[in-house]
Structure formats: C-alpha cells, structure tokens
Chemist: 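Just passing along the structure, written as structure tokens.
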Number of protein chains: 2
Amino acid sequence: MQHIVEALKDKYLYQDKVIDSTKSILEFQIFISDQVTNDFNTLFQSLPVDRSYYAFGVPGSFYDRLFPSRSIHFLHSSCAINWFSKLPKELLDEKSPTWNKGRIHYVGASNVEIVNAYVAQFEKDMEMFFNARAEEIVPGGMMVLVTPFSGYVCLLGFFGSSFMDMVNEEKLDESLVDSFNLPLYYPSPQDMTKVVEKNGLFSIQRMELINIKSNLVDEADAKTLMMSIRSSIEGVIINHFESKLAEEACARTIIKSEEISEWMKVNYEKPSILFVALKRK
Amino acid sequence: MQHIVEALKDKYLYQDKVIDSTKSILEFQIFISDQVTNDFNTLFQSLPVDRSYYAFGVPGSFYDRLFPSRSIHFLHSSCAINWFSKLPKELLDEKSPTWNKGRIHYVGASNVEIVNAYVAQFEKDMEMFFNARAEEIVPGGMMVLVTPFSGYVCLLGFFGSSFMDMVNEEKLDESLVDSFNLPLYYPSPQDMTKVVEKNGLFSIQRMELINIKSNLVDEADAKTLMMSIRSSIEGVIINHFESKLAEEACARTIIKSEEISEWMKVNYEKPSILFVALKRK
C-alpha cells in the first residue's frame, strides 16, 4: 500500500505540478476490502502504526457494490478476481457433459464443455465486477488487476489426485469428488480483453503477462509450494468435503512432494501473472 | 445505525426539499471506529446483509485523527469518550496527594486532588478529541456524544472493595491496588460545557441529562448489573493485575450481589446519561 501511496503522491505532486501550498493538504484514504469472513482483526493489527494514510476495512463481496458512487480514484486487486462469485450450476448436473468426473478443476478436464462453463462464469462475474466498479470509480480513475496466470495453476490437480486415491481406496464416494470444482479461473490476456471490451466502461491502458521469479519453482520445492496452495484452497475444500476428509487429502498431497518435485523438473512451467491497468472512461 | 440513516434521509429529503431526481442518488457511508484491538470480525459479521448504507471499519484511537479533512457530516459516539486516552501520571506518584490509596476510581476518593487529576485528564483528552474531529467534520456538521452520567458509576467501587478484601487477606500487595485507577471519567453538563467552550470549534446545540429506564436497577438485579460492568472494565483490570487475581476480584464482586442489591435499594440512584449535540462552527 505504501508503494501505491508514494507513486500517487509523486504523480500528484510532480507530474501535475501542484502548487506548493496544496502539498500539505494531500491526504490518502485507503479501503481494504475482503469477504466478511476474512480476519480483519489480524489485518488491522498488522497495519503500520506510523502510516501516512487513513485506513479502513470494507467487508463484502466485490461482485457487489462496496463504495458510494464516484468515490474511488485508484483501485488495486491482487489475486482475487480469479475467485468466482459462485460455481456455475451446470457443473453439478450429473447427466451433463459438464460433469467433471474424477477432477476438481477445469485444468486438465477431459471435456471442453467444462472449460466453457468456467469461461462463461468468469465472463458473468467480470461483468458484475466491472459494472459495480464503474459506478464507484471516478471518470478517468484507474484500476489495476493482477491474477495468477501460469505456474502454480497446474499443481492444483495433485489435490484432485489425492481425493481420487481415496476414492480408489473406498474411503470416499466418487460423486463427492465429481461434484466438487474449485471456483477458480485463471484468465488469459485474450479472456481479459474480451470481458473488458464487452463491458465497455473501461479502457485497457496496459496489459501484460509478467514472469515472476520464484525460488520455490526454480528449486522444485514442491513441499513449500503445495503448502502454500493448500492454505489458499483449504477453505473451499473443507466447505464441500467434511474437514477430516479434506485434511487427509491435503496431507496426502503434501506427502507426495518428492514425486511432484520430480514432475516439476520435467514439466517446468515458468510462473507468470496477468497484469492489467484499466481506466474508467 | 439504521435510525441515524433514516433520520438523516428524512431531513435531507423532506426538510431540505430536495428535488425528486436526486432522491435516487442519496447514498450513506458509515464508518464504525474502535481501538485496533476491538473484535471487528464479529462486528462485520453482525452487520445486516440488506443494509441501506456502505459500511467501513476504522481501527484507531479517536484521540488522534481517523478521517481525512472535512470528510464527515455526522458523528455519533456512545459511551466511549468517558474512556481516557491514558491515565494521568500523577496518580502513580506514591508521595503525592493524588495517590489513590485503597481505591480504584475517583468516585468516593478521599482526596480532592485525585478528582482534580481525573478532571484535568478529561479536559486534555477532550481538547485532543475536539481538535481531531474539528478537522474531519465539515463546517455545519453535527456531532452527538452520549456518556454515562449516573447509575452504574457508583457500583464500580464494589470491584475496588473486592481487591481490598484480597489485600486484607494478604493475597495481594496493597500498592498494586493503590497504583491502579480506572481510566474512566463521567462528565457532568458543566464539565462538558467547559471543554466545548474552551476548545471553541463547536457550538452546543443541545445538552441534557436523560434518565434511562433500567429494569435491572428497578429490580435491584445487582448480579446482572455487576456482570455487565465487569465485561466493560475487565480488560483494563487484567492489564494491571495478573489475570488470576483480576478473575478472583471480579468473581468475588459478583458473589456479593445480594449485599449490593440491598445497598441499591437504599442508595438507589436513577441511571442517567449525558446527551450533547454539537455543531462544527
């Protein structure tokens, strides 16, 4: 946050050549938003005491309105819009080609309809996201979105394999695995361009895939990687499976770290993120 | 909060005779502030889902700045400004007449210097409070403050008596009790008038002592009353005494409920609050 504040302050003070007398009244108001179930207590206690901005917590879903009209000048979302507002219901129809048998995600799914259902939900969600933000962001205001693109994404399947191992050992009914799908979509630049243009309320100022340096990937440190992925997906897994089964599947996946590490050495995929800077028209 | 929003909406829509076309764009932004150690998670989860306002949490002390300049139109503080920013340090000087021997509060203190130290701290704190709010509230903006005035105040002494009982039983060193003072001051209308006028940035629109109906007091239900007081002061007690001693003193006070109930029947003091509505000049 401090970096964003400093960058905005520089832009305001130098590029816009603001007269000296107004420098002293430059104030920043930062709103940190997350789902209502987020741990805001820990967030608030971790804010620097000598911060140079006013800080606020905002509980709620960003697929809905969070702020009054035309009240936001700059918005940043990091690794969040890849989470769906809800799972597409087609994925729950056992009779449909979108029934994701034996898998928990669209990556590696055998059927293109499954991928299409994910894409369609991403497009619906982004339309809601853009419409809400378009009301809140001032004309000319900026929105910078960052989402994971490649790297850790393909590792998600190992959690699915652990659940299927448990099915094969008759510890778990397969329909419970088939009916579970991670509500995560990783948009490509093409996906992002399409939803921005369809919505029409923002213009793309810059978009790029950025390779990120990861010692964990370079060193094929699968154990640390899988533990990190587990921490982000464990909540939705526990919500679907009972927590004992979820715990077992996660523990089994971590145990497979050496095997995953070997797999990574062969199937190395440079991790990258999609960066997009949008401007409210 | 809903009541405040409704009252402001009514005022805006009817008294100010706003034209119809603007009615639909009336939006309310509510900031709920408390110390950073407050449980904001529970607060956020208890907000109504279908609320008609945007809600934000604001961690920090209200004796410091919390909001950007001229960003607040209406401020309400209920039973909060009676808590000091810190305890006056004179109360910690064993050689001074402000050493509050055998007591934990100014109410019932034997020495007027002790009361004066509390009053002086209240005045310093309110000056900080008014100066911070005067920057944040728009000219003409309102501030409604409510503080307890009488009723439960005199019951605080029973917690002090329990600590002194423990001193007499040699379970506790008396200096630990003497050096503890509840950081709470209950201003009178005269106290409040003095600090508002000294500060000079707000005008008093209305001030009154309001008797509040309390079945607990009417029925001399000392047990429930003492448990309620315990919940509000236990934090500062634990911070000073070790938690086992604090726990014992509180439990002993609750056990005395029957005795306190009898005392209440004789010394009945109608509970009242100080209500003050201030306007930013």
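These figures come from a predicted structure and were not determined experimentally. Residue numbers begin at 1 in each chain, while the letters A, B, ... track the order of the sequences.
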Chemist: Suppose the criterion is salt bridge (Lys or Arg N to Asp or Glu O under 4.0 Å): which pairs have a residue in residues 52-61 of chain A, not counting sequence neighbours?
Modeler: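 Not a single pair qualifies under salt bridge (Lys or Arg N to Asp or Glu O under 4.0 Å).
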Chemist: Scan the chain B/chain A interface and emit each donor-acceptor pair under 3.5 angstrom with its distance.
Modeler:
unit_1	atom_1	unit_2	atom_2	d
B:Glu27	OE1	A:Ser69	N	2.8
B:Glu27	OE1	A:Ser69	OG	3.1
B:Glu27	OE2	A:Arg65	NH2	3.2
B:Glu27	OE2	A:Ser69	N	3.3
B:Glu27	OE2	A:Ser69	OG	3.0
B:Asp39	OD1	A:Asn41	ND2	2.9
B:Phe40	N	A:Asn41	OD1	2.8
B:Asn41	N	A:Asn41	OD1	3.2
B:Asn41	OD1	A:Phe40	N	2.8
B:Asn41	OD1	A:Asn41	N	3.2
B:Asn41	ND2	A:Asp39	OD1	2.9
B:Tyr54	OH	A:Arg65	NH2	3.1
B:Gly57	N	A:Gly57	O	2.8
B:Gly57	O	A:Gly57	N	2.8
B:Arg65	NH2	A:Glu27	OE2	3.2
B:Arg65	NH2	A:Tyr54	OH	3.2
B:Ser69	N	A:Glu27	OE1	2.8
B:Ser69	N	A:Glu27	OE2	3.3
B:Ser69	OG	A:Glu27	OE1	3.1
B:Ser69	OG	A:Glu27	OE2	3.0

Chemist: Is chain B contacted by the side chain of A:Phe31, its backbone, both, or neither, given a heavy-atom distance below 4.5 Å?
Modeler: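 The side chain, not the backbone.
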Chemist: Taking every heavy-atom pair that is under 4.5 Å apart, which of B:Pro68, B:Gly57, B:Pro59 has the most such pairs with chain A?
Modeler: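 Among the listed options, the one with the most contacts to chain A is B:Pro68.
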Chemist: Answer with side chain, backbone, both or neither: which region of B:Leu47 has an atom nearer than 4.5 Å to a non-hydrogen atom of chain A?
Modeler: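 Just its side chain gets close to chain A.
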Chemist: Working to the nearest 0.5 Å, report the span between CD1 of B:Ile32 and CZ of A:Phe56.
Modeler: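 Going from CD1 on B:Ile32 over to CZ on A:Phe56, the span is 12.5 Å.
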